[in-house]
Amino acid sequence: MLVVMNVGATAEQIEAVARAIRELGFTPHAMPGAQRTAVCVTGNKGPVHRDALAQLPGVSEVISVSKPYKLVSREAQPESTVVAVNGHAIGGTAIQFIAGPCSVESEDRMFGIAERLVAMNIPFLRAGAYKPRTSPYAFQGLEKEGLRILDRVRERFGLRIVTEVLSEETVDEVTAAADVLQIGARNMQNFALLKKVARCTKPVLLKRGASATVEEWLMAAEYLLSGGNRQVILCERGIRTFSDHTRNTLDVSAIAVVKSLSHLPVVADPSHAAGRREFVAPLGKAAVAAGADGLIIEAHVDPNSAWSDGAQTLGMDELERLVEDVRRYDAAFRRT
Ligand code: PEP
Ligand code: MN
């Protein structure tokens, strides 16, 4: 249920609606928009008595939301959410880039990569200190030492750090080191982790599970918003299909669909979709053409010696070409 306020409704009227919702035993979530505020009603176990809300001063209309997700829907908030990370927007009018190695590696290598990102005007560095690996024998990440290296990268280069939080126990330490917390595909439905991250003050990049429907993905995001974190970026990273010519199948249609169903920004990860370096650029461009707000790309100064996911990792020159191409495209088709 959504209570849409009149244009110019006062803060007192909005608060009176929120109070009435609480008195009915539900939870109000005010969603301020550019023009008007909508107050979303969640937690209803029985029917909501819409008339009790419809007649309150300042209320324009009361709408039933038929979808299982509410706070992430465009019905609740028609304006697109812009997640701003220390002055750098994701979901604004310009395409944004996040790039870096799959895993945090030595400080030397991270500095070499960071230097190239800064030269390309890429403000976000990605790299995992905690890695979700299919094999228990594979490199699991530098863990705490990796977080310390990320701190030094931020300090020296001023880059914003995007890094994965793998478990509930490490939320606090990863939150301290990250500017954006990544929740990986394998954890998209780790509801205990989602609830804990929902209470963090840092933005979250929520990857789509490899076998998740769009609705399941949006419900996972709903956990974050309903738990109090509105700074959520969705990430399409490819799904598992019958096709095996790429590591995963980049679901380009999901990008367009989610942009219409939800106000949250959507970025694409063509690296984990492609699995092979030569297909990262075409898939990245396809994602941007479909409406993605940005790209997260694995890149390295020496991709063939990367500690994980080298086969899909671009060299820094390849990254630069892709970024230039996408920026030209973006300038030509800017979504103002
Ligand atoms: C990653 O970004 O390195 C990663 C592990 O991604 P995903 O969760 O999409 O597999
Ligand atoms: Mn990876």
Side-chain angles (χ1 to χ4, degrees), residues 90 97-105 109-110 113 117 122 124-136 138-143 146-147 149-150 160-167 170 174 177-190 193-194 197 203-212 214 216-217 220-221 224 232-241 246-251 254-255 258 266-277 279-280 283-284 287 292 294-300 302-315 319:
I90 300 178
F97 295 93
I98 303 165
C102 179
S103 309
V104 181
E105 301 189 11
R109 277 188 159 183
M110 295 306 293
I113 293 164
L117 297 183
I122 296 180
F124 292 94
L125 177 131
R126 62 139 293 144
Y130 290 93
K131 295 303 302 177
R133 303 306 300 278
T134 303
S135 165
F139 172 58
Q140 303 285 310
L142 289 178
E143 304 182 338
L147 296 177
I149 292 173
L150 290 174
R160 283 82 186 147
I161 304 296
V162 181
T163 195
E164 178 162 354
V165 58
L166 206 55
S167 62
T170 53
V174 178
D179 295 292
V180 177
L181 293 163
Q182 175 174 325
I183 293 189
R186 292 156 192 81
N187 264 326
M188 188 205 83
Q189 285 190 316
N190 180 340
L193 180 64
L194 293 172
V197 167
V204 182
L205 183 135
L206 177 65
K207 289 201 162 191
R208 178 184 180 188
S211 303
V214 160
E216 287 164 341
W217 187 19
L224 297 171
V232 175
I233 303 149
L234 298 168
C235 176
E236 162 61 38
R237 47 77 75 200
I239 52 170
R240 182 165 289 199
T241 67
T246 51
R247 182 177 178 183
N248 291 285
T249 298
L250 183 72
D251 190 357
I255 297 168
V258 168
V266 180
V267 302
D269 173 349
S271 308
H272 289 86
R276 282 163 60 188
R277 193 174 299 158
F279 301 123
V280 170
L283 296 188
L295 296 176
I296 175 167
I297 300 161
E298 286 184 339
H300 195 292
D302 182 13
N304 290 333
S305 69
W307 293 358
S308 54
D309 281 351
Q312 67 194 32
T313 300
L314 299 185
L319 174 68

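Whatever order the structure lists ligands and atoms in, that order sets their numbers, starting from 1.
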Going by the order shown, which atoms of ligand 1 are within less than 4.0 Å of some heavy atom of Glu298? 3 (O)
Residue Gly184 vicinity, atoms of ligand 1 by number, heavy atom under 4.0 Å: 8 (O)
In ligand 1, the atoms that come under 4.0 Å of a heavy atom of Lys207 are 1 (C), 2 (O), 4 (C), 6 (O), 7 (P), 8 (O), 9 (O)
Thr246 vs Arg276 side-chain heavy atoms within contact, under 4.5 Å: no
Nearest non-hydrogen protein atom, atom 9 (O) of ligand 1: Arg237 NE, 2.7 Å
Looking only at protein heavy atoms, which one is nearest to atom 8 (O) of ligand 1, and what is the separation? Ala185 N, 2.8 Å
Nearest 10° is fine: what angle sits at the Mn ion (ligand 2) between OE2 from Glu298 and SG from Cys102? 90°
For the Mn ion (ligand 2): the N/O/S atom of His272 at shortest distance: NE2
Consider every N or O of Glu164 and every N or O of ligand 1, then say whether any pair is closer than 3.5 Å. no
For Arg186, atoms of ligand 1 separated by under 4.0 Å from a heavy atom: 7 (P), 8 (O), 10 (O)
Quick one: does Arg208 get a heavy atom under 4.0 Å from ligand 1? no
Short N/O distance, under 3.5 Å, between Lys131 and ligand 1? yes
Identify, by atom number and element, the atoms of ligand 1 in contact range of Cys102, meaning under 4.0 Å from any of its heavy atoms. 3 (O)
Heteroatom proximity flag, Asp269 to ligand 1, N/O under 3.5 Å: no
